[in-house]
**Q** 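There's a structure below that I have some questions on.
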Amino acid sequence: MKTVAVVGASLAGLSAARSLRKQGYDGRLVLIGDETHRPYDRPPLSKEFLAGEIDEADLALEADGEDLDAEWILGSRAVALDRGERSVRLANGRSVVADGFVVATGSAARTLPGTDGMAGVHVLRTIEDARALREDLARGGRLVVIGGGFIGAEVASTARGLGLEVTVVEAAPTPLAGPLGAAMGGVVSSLHADQGVRLHCGVGVRALSGGRRVHAVLLEDGRRLPADTVVVGVGARPCAEWLEGSGIVLENGVKCDSVGGTSIPGVVAVGDCASWYDPAVGAHRRIEHWTGARERPAAAVTALLSGGTAAPEQPRPPYFWSDQYGVRIQFAGHAAGADSVTVEEGAVAERSFLAVYRRADRPVAALGMNQTRLFTRWRRQLVTAAAGTAGLP
């Protein structure tokens, strides 16, 4: 390949570019990003950056002096992929012709209909989002977080630390039941009550009230929650609509095989926009976590450079972490399909424990709260078991 274009210049795109160079690719490398920024770290946006503990320079993902010998095209959104011409067309009218493509266009935060232009209503995905939210949180007052997932919980934790009155609204009966299961989702979300944050579950949002600025959140059961600031954390949608008509199969993002290959030869997809086939669950799924965006591009690049003839190392089981109210929460594996979950070490009441999920007595996932060392050991064993080289303790 003489030219490889990486479409998406965040962590997954940067990881792919690094993997290309590490695996010996010495041709032309083009990185295309719709933001004007060089790659930056997103997890701190809801925590240290939002709290004002670090600044934008601390978010940089590139090491000092790092040089990938790449051409950067930033502030330019990809709008189409032409299979015949082997080119990516950008919103500014420019086209980039390449032999191979890495699609890493990520995801975009979902919004609430009817809230465009209403001051005080925020999503959190970009540096610009975090700047605006940080400015509003500095005003103090009452924050309502819509969505009890990890982003919402981290924002609630940060805001509580800044002294705001915080309420979290979650439409599901139990927050985090999807990734953690109902039992452990309930345990983790109990951190809100520990810190004086009100949590309303099993109720949706009917509307936001206010004129130019939000004044309250109206719930479907008729309750009215006064709000000076609102954060909408109701998930993200894969940024893959620009590929419609390209011949690439789209299904909850870019549909891929187990190492990122798409339905078009010479095109792989990584990061939040990519729905990889997961042999462990027998289904396609998007892994919207930092670790996946850092680790998985290596396998996709191997497949791309070899034309699918090499056998890349299979991705490790999903892993993510979250810091809330001073507690480190870590999870690895698959909660879906587990038929039991037991606390192996520590105590739930102390918010310090290690829980193991099992299916037919076989461990398939682990959850740790303030048990970093023990969790790391279990994660390593889950990785080994997934590779089929050893059992679990």
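Nothing fancy with the numbering, it's 1 onward along the sequence. The basis for the numbers below is simple: all heavy atoms, side chains too, and nothing from hydrogens, waters or symmetry mates.
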**Q** Identify the two heavy atoms, one from Cys239 and one from Cys273, that lie closest to each other, and give their separation to 0.1 Å.
**A** O-CB, 4.2 Å
**Q** Would you name the heavy atoms of Gly368 and Leu354 that are closest together and state the gap between them?
**A** CA-CD2, 4.0 Å
**Q** Can you give me the closest heavy-atom contact between Val168 and Gly147, atom names plus distance?
**A** CG1-O, 4.0 Å
**Q** Report yes or no: do Ile73 and Leu29 belong to one cluster of Ile/Leu/Val/Met/Phe/Trp/Tyr joined by side chain heavy-atom distances under 4.5 Å?
**A** no
**Q** When rounded to the nearest 0.5 angstrom, what is the spacing between OG in Ser46 and CG in Leu133?
**A** 10.0 Å
**Q** Whether the side chain of Arg296 engages the backbone of Val270 through a donor-acceptor N/O pair (distance < 3.5 Å, no angle test) should be reported.
**A** no
**Q** Within 45 degrees of the axis of the six-membered ring of Tyr325 and under 6.0 Å from its centre: does Arg160 put its NZ or CZ there?
**A** no
**Q** I need the single residue from Leu112, Leu208, Asp136 that forms a side chain to side chain contact (heavy atoms under 4.5 Å, CB included) with Val121. Which is it?
**A** Leu208
**Q** Should Leu68 and Leu14 count as side-chain neighbours, where that means a heavy-atom distance under 4.5 Å?
**A** yes
**Q** What verdict does the side chain to side chain contact (heavy atoms under 4.5 Å, CB included) test give for His37 and Leu59, after you've listed the backbone C-alpha separation in whole Å, the side-chain angles of each residue and the deciding distance to 0.1 Å?
**A** CA-CA 11 Å; His37 310 283; Leu59 300 174; over 6 Å; no
**Q** Within the 3.5 Å criterion, strictly below it, is a donor on Arg351 or Asn370 matched to an acceptor on the partner's side chain?
**A** no
**Q** Flag the pair Arg237 and Glu241 as a salt bridge only when some basic side-chain nitrogen lies within less than 4.0 angstrom of an acidic carboxylate oxygen.
**A** yes
**Q** Is the shortest side-chain heavy-atom distance between Leu20 and Val6 below 4.5 Å?
**A** yes
**Q** So Arg110 and Val232, do their side chains get closer than 4.5 Å, heavy atoms only?
**A** no
**Q** Is there side-chain contact between Arg86 and Asp99, with at least one heavy-atom pair below 4.5 Å?
**A** no
**Q** Check for a donor-acceptor pair, side chain of Trp276 on one end and backbone N or O of Ala269 on the other, with a separation under 3.5 Å.
**A** yes
**Q** Nearest 0.5 angstrom please: Leu137 CG to His122 NE2, how far?
**A** 7.0 Å
**Q** Look at the side chain of Thr167 and the backbone N and O of Val144, then say whether any donor-acceptor pair between them is shorter than 3.5 Å.
**A** no
**Q** Taking atom types as modelled, is there a side-chain donor on Gln195 or Ser157 under 3.5 Å from an acceptor on the other?
**A** no
**Q** So, Glu165 and Arg198, do they make that salt bridge, N to O below 4.0 Å?
**A** yes
**Q** Output the distance between atom CZ (Arg359) and atom CG (Asp339), rounded to the nearest 0.5 Å.
**A** 8.0 Å
**Q** Find out if a path of hydrophobic residues (ILVMFWY) with successive side-chain heavy-atom gaps under 4.5 Å connects Leu199 to Leu143.
**A** yes
**Q** Say whether, by atom type as modelled, one donor and one acceptor occur between the side chain of Arg42 and the main chain of Arg125 under 3.5 angstrom.
**A** yes
**Q** Checking Val268 against Val301 for the side chain to side chain contact (heavy atoms under 4.5 Å, CB included) test, could you report, in this order, the C-alpha distance in whole Å, the side-chain angles of both residues, the deciding distance, and whether it holds?
**A** CA-CA 8 Å; Val268 297; Val301 163; 5.9 Å; no
**Q** How far apart are the C-alpha atoms of Arg134 and Glu56, what are their side-chain angles, what is the distance that settles it, and do they pass the salt bridge (charged side-chain N to carboxylate O under 4.0 Å, His left out) test?
**A** CA-CA 13 Å; Arg134 185 165 71 175; Glu56 292 183 23; 5.7 Å; no
**Q** Evaluate whether atom CD of Glu345 has more than 12 neighbouring non-hydrogen atoms of other residues, nucleotides or ligands under 6.0 angstrom away.
**A** no
**Q** Is the shortest side-chain heavy-atom distance between Ser352 and Met369 below 4.5 Å?
**A** no
**Q** Counting only N and O atoms by type, is there a donor-acceptor contact under 3.5 Å from the side chain of Thr262 to the main-chain atoms of Val267?
**A** yes
**Q** State, yes or no, whether a side-chain contact exists between His284 and Asn252 at a heavy-atom distance under 4.5 Å.
**A** no
**Q** If you count every heavy atom of other residues, nucleotides or ligands that lies below 6.0 Å from Glu66 atom CD, does the total exceed 12?
**A** yes
**Q** Is the shortest side-chain N to carboxylate O distance from Asp228 to Arg142 below 4.0 Å?
**A** yes
**Q** Look at the side-chain heavy atoms of Ile, Leu, Val, Met, Phe, Trp and Tyr, link any pair under 4.5 Å apart, and say whether Leu45 and Ile54 land in one connected group.
**A** yes
**Q** If I take atom CG from residue Leu180 and atom CZ from residue Phe150, how far apart are they, to the nearest 0.5 angstrom?
**A** 4.5 Å
**Q** What is the distance from atom CZ of Arg83 to atom CD1 of Ile248, rounded to the nearest 0.5 Å?
**A** 8.5 Å
**Q** Is any side-chain heavy atom of Phe353 less than 4.5 Å from a side-chain heavy atom of Leu374?
**A** no
**Q** Can you see which heavy atom on Ser263 is nearest to which on Gly247, and at what distance?
**A** OG-O, 3.1 Å
**Q** Indicate yes or no for a side-chain donor-acceptor contact from Arg21 to the backbone of Tyr25 under 3.5 Å, with no hydrogens or angles considered.
**A** yes
**Q** So which atom in Ser76 and which in Ile32 form the shortest heavy-atom distance, rounded to 0.1 Å?
**A** O-CG2, 3.5 Å
**Q** Is it the case that more than 12 heavy atoms not belonging to Glu135 sit under 6.0 Å from its CD atom?
**A** no
**Q** Among Phe375, Trp378, Tyr357, exactly one meets ring pair (Phe, Tyr, Trp, His ring centres under 6.0 Å) together with Phe331. Which residue is that?
**A** Tyr357
**Q** Do Trp242 and Val103 come close enough that some side-chain heavy atom pair is under 4.5 Å?
**A** yes
**Q** Does His192 reach the main-chain N or O of Ala153 with its side chain, forming a donor-acceptor pair under 3.5 Å?
**A** no
**Q** Ignoring hydrogens and angles, state whether a donor on the side chain of Gln324 or Ser322 is under 3.5 Å from an acceptor on the partner side chain.
**A** yes
**Q** Kindly determine whether Arg224 and Ser209 satisfy side chain to side chain contact (heavy atoms under 4.5 Å, CB included), including the steps that lead there.
**A** CA-CA 9 Å; Arg224 181 181 185 274; Ser209 69; 4.3 Å; yes
**Q** Can a donor-acceptor pair be found between the side chains of Glu35 and Tyr40 at a distance below 3.5 Å?
**A** yes
**Q** Between Ser107 and Asp272, what is the shortest heavy-atom contact and its length?
**A** OG-OD2, 3.1 Å
**Q** Between Val123 and Val231, does the side chain to side chain contact (heavy atoms under 4.5 Å, CB included) criterion hold? Intermediate values first, please.
**A** CA-CA 6 Å; Val123 295; Val231 173; over 6 Å; no
**Q** Return the OG1 to CZ distance between Thr291 and Phe320, rounded to the nearest 0.5 Å.
**A** 10.0 Å
**Q** Membership question, hydrophobic clusters at under 4.5 Å side-chain separation (ILVMFWY): are Val343 and Leu191 in the same one?
**A** yes
**Q** Do Leu225 and Val234 share a hydrophobic cluster, counting only Ile, Leu, Val, Met, Phe, Trp and Tyr and linking them when any side-chain heavy atoms are less than 4.5 Å apart?
**A** yes
**Q** For Asn92, does the CG atom have more than 12 heavy-atom neighbours from other residues, nucleotides or ligands under 6.0 Å away?
**A** yes
